[in-house]
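The structure appears below as structure tokens.
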Amino acid sequence: MEDHQIKEIASTLHGARKAGQSLKQFSAHLKNFKREDAYSIQEEGMRLRELDGEKIIGLKMGLTSEGKRKQMNLDSPLYGVLTDTMQIQNEGTYTLKGSIHPKIEPEIAFYINKELRGTVTREEVLSSCEAICPALEILDSRYDGFKYFSMEDVISDNSSSSYYILGPKTSDFSKINLKNLSMKMKINGVIAEEGNSKAISDDPVISIIQLAELLNQRGQSIPAGTFVLAGAATAAVALEEGMEVSLEVEQLQDMKVSISK
Ligand code: 0L1
Ligand code: MG
């Protein structure tokens with residue numbers, strides 16, 4: 001794909017997000033839309049957000065469970081980039097105004113304090129991680145009907161990232177079995193989705209390993225001082241006014257967010 005096309009698509013997606021308006025999937029009419037083009041569009045989109053004054057502070061892995069990949073008819077994990085203005089404080093309020101068709105999903109996040117580059121081991125990830133926390137990700141696709149025709153559509157759209165909430169940190173997690181933590185996402189006190197951390201790449205640490213590998217393919221790394229949302233443990237739930245969404249992850253502290261119009 002030529003440079004001007006990358007810039008044009010990134011700018012169209014940037015405008016759609018700011019206007020809160022969905023658009024047609026690019027792969028409906030683009031031939032030969034490659035994964036590397038999609039990540040270039042994502043990077044250009046982040047450059048536009050930085051020009052708007054946003055600061056990149058985190059990363060997210062998506063499509064980390066086989067179930068979710070099948071549900072969305074997409075074939076492999078992907079990543080996106082998170083900025084400071086996408087963050088909502090724990091126990092804060094998310095306002096629906098300006099969104100398109102937002103959904104929320106339960107995750108676990110890792111705070112990385114030492115750069116992770118290329119092929120890394122589980123032990124290297126764990127020794128580079130200063131804390132973990134429960135996290136809620138608010139997805140919002142800039143495409144009509146929250147549908148994609150290809151991975152390239154989603155990646156270009158910064159992997160549907162919109163907002164995120166980080167729960168209280170746990171620094172001493174060495175005795176916590178990250179591969180088997182029950183996770184309950186409640187809406188107004190009633191369980192809406194229930195899962196286990198094992199659903200996140202079979203082990204959420206594997207998501208971080210995969211992220212380091214995906215970034216390395218573009219000559220990048222997970223920088224020190226970044227947090228990473230490792231992926232969802234359950235399906236996402238559509239957001240509506242008046243919801244209070246809480247997340248309980250076994251052995252971690254609870255968190256919540258309120259939804260207003
Ligand atoms: O975070 C995620 O797993 C979502 C990635 C993109 C697919 C979707 O929009 O559901
Ligand atoms: Mg997610």
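Start at 1 and go down the list; that is how both ligands and their atoms are numbered.
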Sequence neighbours left out, what pairs pass salt bridge (charged side-chain N to carboxylate O under 4.0 Å, His left out) with at least one residue falling in residues 166-192? Lys186-Glu248
Lys103 (side chain) donor-acceptor with Phe146 (main chain) under 3.5 angstrom: no
Does any N or O in the side chain of Arg69 come within less than 3.5 Å of the main-chain N or O of Leu63, such that one atom is a donor and the other an acceptor? yes
Could you give me a count of protein N/O/S atoms that are under 2.8 Å from the Mg ion (ligand 2)? 3
Before you tell me yes or no, could you show the steps for Glu115 and Ser221 under side chain to side chain donor-acceptor pair (under 3.5 Å), namely the whole-Å CA-CA distance, both residues' side-chain angles and the distance that decides it to 0.1 Å? CA-CA 7 Å; Glu115 183 192 40; Ser221 63; 2.7 Å; yes
If you count only heavy atoms, which residues are under 4.0 Å from ligand 1? Lys60, Gly62, Leu63, Lys68, Met72, Leu78, Glu105, Glu137, Leu139, Phe146, Tyr148, Val154, Ser159, Ser160
Pick one: which of Glu50, Lys55, Glu54 meets side chain to side chain donor-acceptor pair (under 3.5 Å) with Thr83? Glu54
is_close_aromatic(Tyr94, Tyr163), centroid dist under 6.0 Å: yes
Can you pull out every salt bridge (charged side-chain N to carboxylate O under 4.0 Å, His left out) where at least one residue sits in residues 209-227? Sequence neighbours excluded, please. Glu43-Arg218
Do side-chain atoms of Gln25 reach the backbone of Asp144 as a donor and acceptor pair under 3.5 angstrom? yes
For Asp75, is there an ion pair with Arg35 - N to carboxylate O distance below 4.0 angstrom? yes
